[in-house]
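This report concerns only the one structure given below.
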Amino acid sequence: MASSSLLVAIFLCISFFFFLSVDANEVTVGGKSGDWKIPPSSSFSFNEWAQKARFKVGDFIVFRYEAGKDSVLQVTREAYEKCNTTSPKASYTDGNTKVKLDQAGPVYFISGTEGHCQKGQKLRLVVITPRNSAFSPAPSPSEFDGPAVAPTSGAAKLAGGFSVVFGLVLGLWAFFF
């Protein structure tokens, strides 16, 4: 009987962690064929692109660019607004940068190449905390001036929810049989 209870606990833990890990997405800046470069026209904005997506804690944002000729700087709001490259929070130069979004709120990125930020190569996005999460809630809109975020598909949550239900059923089966 004690071993059955242990099995139930193990299955529940595995299902819970699987549920949390399935919910993360990897999003390429600018979309599927996007590149981190000076926008081709004034009608394109990385921020407009970001407003059409939902970024959650645990997601990854991917920047593709020519290594050695450009870079990505994660900066403060002030540095973003002034295109100031002198004291970034983080600097990336590998050409295929993958940044984990690890906390809720606004996140700011600019190009590290002189003059590129002024020509529109900058990105502001808002990271939210996923629902049904063990993490702290996302800040309210009054706490920052970020863009609105559009809803996304719930397919990942459905898969995660399925794994939780499957784990529960399997655990109950092990307990009773």
Review point. Would you say N47's side chain and R124's backbone share a donor-acceptor pair under 3.5 angstrom?
Key: yes
Exercise for review: Kindly give the heavy-atom pair with the smallest separation between T28 and R64, and that separation in Å.
Suggested key: CG2-NH1, 3.5 Å
**Study point:** From CA spacing to verdict: ring-ring contact (aromatic ring centres under 6.0 Å, His included), F44, W49
**Key:** CA-CA 8 Å; F44 177 82; W49 165 81; 8.2 Å; no
Point to revise | Note, L125 side chain near L101 side chain (heavy atom, < 4.5 Å) | key: yes
Check your understanding: Which heavy-atom pair separates V127 from K56 by the least distance, and what is that distance?
Key -> CG1-C, 3.6 Å
Review point. Is the NZ atom of K37 crowded by more than 12 outside heavy atoms at less than 6.0 Å?
Key: no
**Study point:** Heavy-atom check, side chain of Y92 versus side chain of F63, under 4.5 Å
**Key:** no
Exercise for review: Would you confirm whether S111, through its side chain, and H116, through its main-chain N or O, come within 3.5 Å as a donor-acceptor pair?
Suggested key: no
Check your understanding: Is a side-chain donor or acceptor of T113 paired with a backbone partner of K69 at a separation under 3.5 angstrom?
Key -> yes
Exercise for review: For the pair R77 and E81, evaluate salt bridge (charged side-chain N to carboxylate O under 4.0 Å, His left out) and give the outcome as yes or no after the intermediate values.
Suggested key: CA-CA 6 Å; R77 178 181 174 182; E81 290 173 354; 3.0 Å; yes
Review point. Any chance CD of Q103 has more than 12 other-residue heavy atoms, nucleotides or ligands included, within less than 6.0 Å?
Key: no
Exercise for review: Measure the CZ-CG distance between F55 and N25 for me, rounded to the nearest 0.5 Å.
Suggested key: 10.0 Å
Review point. Quick one: are I110 and T85 in side-chain contact, heavy atoms under 4.5 Å?
Key: yes
Check your understanding: Looking at T97, N96, D70, which hits side chain to side chain donor-acceptor pair (under 3.5 Å) with Y65?
Key -> T97
Check your understanding: For the atom pair CG (D59) and CD (E26), what is the distance rounded to the nearest 0.5 Å?
Key -> 9.5 Å
Practice item. Could you state whether V27 and V99 fall into the same hydrophobic cluster, counting links through intermediate Ile, Leu, Val, Met, Phe, Trp or Tyr residues with side-chain heavy atoms under 4.5 angstrom apart? Key: yes
Check your understanding: Under 4.5 Å between any side-chain heavy atoms of V75 and N84, yes or no?
Key -> no
Check your understanding: Considering all heavy atoms of both residues, which atom of F109 and which atom of I61 are nearest to each other, and what is their separation?
Key -> CZ-CG2, 4.2 Å
Review point. Does K122 use its side chain to pair, donor to acceptor, with the backbone of C83 at less than 3.5 Å?
Key: no
Point to revise | Minimum heavy-atom distance between S71 and G112, given as atom pair plus value | key: OG-CA, 3.1 Å
**Study point:** Spatial distance of atom CZ (F46) from atom CD (Q51) [nearest 0.5 Å]
**Key:** 14.0 Å
Point to revise | Residue pair A50 / L123: nearest heavy atoms and the distance that separates them | key: CB-CD1, 3.7 Å
